[in-house]
Amino acid sequence: MSRMVKIECGISFRLRETTGSKPSPITCFVEFNAKPVVKIPTGARILPSKWNADKERPIGGLKGLELAETNSIVERLSTIRTTVTAMYRAHVTEYGTYPDKPSFKAQVIQAITGEETKTETKEEEPSQSLISFFDRQIELSKKGKRVILKGKRKGKPYRQGTITAYEGSRNLLQEYVTDRKLKGLDFAGITMDFYHDLKNYMFDDRKSSLNYFGKIIKDIKLFMGEAQELGLHDNAIYSSKAFIKTQEETDAVYLNIDQLEKIRQLDLTEHPGLANARDLFLLGAWTGLRFQDYSVLASKAKVMGNFIHIETEKVNVSVAIPILPAAGEILDRYRLEDGNYAYPRPISNQKLNDYIKVIAKMARLIHSVVLSVPEAGKRVKMAMPFYQAVDTHTARRSFATNMYKHYRLPALTIMKITGHTTESSFFKYIRMTPEESAQLILDTVLAKEQATVQSVPETEKEELANVG
């Protein structure tokens, strides 16, 4: 996480009325990211005289409640505590930010009661708050009422991954408002001063990367545009050329043919989990698919002859992937008796990221590499063991680079599989140093000349030699 976000939240149970002769509601107080606290109704009531405020539980025994009633309340409060803890930890672990308090409250209540809770944001009456508009559009996206308006998936609903990314941007803006002690973030407040202050906040306070800042700006521009189309504001600053979505090329590694072979030859018999992760990763390295595709082959792919047919998740395009020998060897090991494939077992992106680093280290890919990594909006050179730089996306990058650099396939042919739409984006994607690019040209020209010489008949060679 780029900032200090506590993995635990404070949870306490208190009575609404601490005195009186009538039962008082028991409320769950959840504390994180300073005040105000999140107050969650438990649905339980108790006489103040039967409540132990220090231990936050009913008083039992002769002066308290009957055993059955005591156990019922204790069990309910325990369930709520467990639910709150689990949902809070899940959010912090996945996003690295504190949950938005109104949304978190609604989600907890829904988990406890099974009923959807109405939030302050109304679809029919969007407010002048950009954050509220984020909530509105996210909710419409979840319900399938907000659809994609252009591109290959035009008219189709947004995928969960996209919605989750919107929620992350929304939460960051809420934290910005809280940390800057602002009253809110209205459409009129999206100015160049806001742009530069958000940039300083993300770089100086959160140590975010330039690309992450660019992602937040991209979402702001998107939702500001949609709000303007609905007639909610006439602020056009967000469309200014100065209100720019920053982006920089990321520095990453790839695995060459020899390195992939070292990973393939590892004896992981005693480590079935690592063996499964290794096979999953290598399938990505020999098919060029993204993680979200090569991790779910069992449910999406269909093998027909020498090809894997699959509809890719990100761009929603059906592609035919040639089953190269290395991939075919893996698939054969997962072939069932009826001829179908079971494929490696799917695991999460994070777990495969962890496993592949261990596997690369076992394969002795431990030489040092220097990478330019983003830090607070700048690029910093950092030396690290090669295996630490390997992740799930290295598989796809390795495929593209090896197909072009080692097997000398035309860029346009490889792009049919990787899904790159322009050669400029493809060449930014593959990993080749200037020296490697120069060597590729030299080797290709020399190979062509050698082939030309070998194709000349011996009699012509002799005549040419005599002329010389």
Side-chain angles (χ1 to χ4, degrees), residues 1 3-122 131-132 135 138-139 142 164 167-168 170-172 174-175 177-179 181 184:
M1 302 175 192
R3 63 175 296 188
M4 208 55 163
V5 178
K6 295 181 179 179
I7 194 65
E8 301 292 343
C9 60
I11 301 175
S12 59
F13 295 94
R14 309 172 202 170
L15 299 187
R16 182 184 298 174
E17 304 293 339
T18 58
T19 60
S21 58
K22 294 182 179 180
S24 175
I26 303 174
T27 302
C28 175
F29 286 72
V30 186
E31 300 181 65
F32 58 85
N33 197 24
K35 304 293 183 181
V37 298
V38 177
K39 300 178 183 179
I40 299 173
T42 66
R45 292 171 175 265
I46 191 173
L47 285 170
S49 61
K50 307 293 184 182
W51 177 256
N52 187 325
D54 293 332
K55 295 184 178 180
E56 299 180 1
R57 58 173 291 150
I59 297 173
L62 296 176
K63 297 183 179 181
L65 302 178
E66 293 184 359
L67 180 60
E69 190 175 0
T70 299
N71 290 343
S72 176
I73 293 177
V74 169
E75 183 177 344
R76 180 163 186 77
L77 300 188
S78 177
T79 299
I80 292 174
R81 180 185 293 275
T82 300
T83 302
V84 169
T85 300
M87 294 181 70
Y88 174 82
R89 286 179 179 173
H91 182 96
V92 170
T93 300
E94 183 170 359
Y95 301 113
T97 62
Y98 289 112
D100 170 62
K101 292 182 177 180
S103 298
F104 182 73
K105 177 178 179 177
Q107 291 166 7
V108 171
I109 292 176
Q110 183 177 356
I112 294 171
T113 64
E115 299 177 356
E116 188 171 352
T117 304
K118 293 183 179 180
T119 60
E120 296 179 2
T121 303
K122 297 181 180 179
I131 294 178
S132 294
D135 290 334
I138 289 170
E139 188 62 27
K142 290 179 178 178
T164 300
E167 290 176 327
R170 180 251 184 260
N171 290 339
L172 182 135
Q174 181 60 61
E175 290 186 6
V177 169
T178 301
D179 292 347
K181 294 181 172 55

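The chain is numbered in sequence order, starting from 1. Just so we're clear, the structure is a prediction, and the values are computed from it rather than from any experiment.
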* **Tyr98 side chain vs Lys6 backbone, donor-acceptor pair below 3.5 Å** => yes

* Asked: Below 4.5 Å, heavy atoms only, C-beta onward: do Trp51 and Thr18 meet side chain to side chain?
  -> no

* Got a second to check how far Lys181's NZ is from Asp179's CG, nearest 0.5 Å? -> 7.5 Å

* Asked: Any chance CD of Glu31 has more than 12 other-residue heavy atoms, nucleotides or ligands included, within less than 6.0 Å?
  -> yes

* Is the side chain of Lys39 donor-acceptor paired with the backbone N or O of Thr27 at a distance under 3.5 Å, no angle test? -> no

* Asked: Rounded to the nearest 0.5 Å, what separation is found between the CD atom of Gln174 and the CD1 atom of Ile131?
  -> 4.5 Å

* Start with the C-alpha gap between Val92 and Glu8, add the side-chain angles, then the distance that decides, and say whether side chain to side chain contact (heavy atoms under 4.5 Å, CB included) holds. => CA-CA 9 Å; Val92 170; Glu8 301 292 343; over 6 Å; no

* Residue pair Ser24 / Arg16: nearest heavy atoms and the distance that separates them -> OG-N, 3.2 Å

* **Arg14 vs Phe29 side-chain heavy atoms within contact, under 4.5 Å** => yes

* Using a 4.5 Å cut-off on heavy atoms from C-beta on, say whether the side chain of His91 contacts that of Thr97. => yes

* Asked: Quick one: are Gln107 and Gln110 in side-chain contact, heavy atoms under 4.5 Å?
  -> no

* To do: Would you check if Pro41 and Ile109 make a side-chain contact, meaning some heavy-atom pair closer than 4.5 Å?
  => yes

* To do: Report yes if some heavy atom in the side chain of Lys142 is under 4.5 Å from a heavy atom in the side chain of Glu167; otherwise report no.
  => yes

* **Student check: side-chain heavy atoms of Ile46 and Pro23 closer than 4.5 Å** => no

* Is the backbone N or O of Phe13 less than 3.5 Å from a side-chain atom of Glu56, with the two atoms forming a donor-acceptor pair by type? -> yes

* Asked: If you round to the nearest 0.5 Å, how far is CZ of Arg170 from CD1 of Ile138?
  -> 7.0 Å

* From Leu65 CG over to Thr70 OG1, what is the distance, rounded to the nearest 0.5 angstrom? -> 4.5 Å

* To do: Can you see which heavy atom on Leu15 is nearest to which on Pro48, and at what distance?
  => CD1-CA, 3.7 Å

* Any Thr93 side-chain heavy atom under 4.5 Å of Ile7 side chain -> yes

Show every donor-acceptor pair shorter than 3.5 Å between a side-chain atom in residues 71-78 and any protein atom, with sequence neighbours excluded, or say none if there are none.
residue	atom	partner	partner atom	Å
Asn71	ND2	Leu67	O	3.4
Arg76	NE	Thr42	O	2.3
Arg76	NH2	Thr42	O	2.9

* Shortest non-hydrogen separation from Cys9 to Tyr88 and the atoms involved -> N-CE2, 3.6 Å

* Residues Val37, Val30; criterion side chain to side chain contact (heavy atoms under 4.5 Å, CB included); working and verdict -> CA-CA 6 Å; Val37 298; Val30 186; over 6 Å; no

* **Leu47 to Ser21 - nearest heavy-atom pair and separation** => CD2-O, 3.2 Å

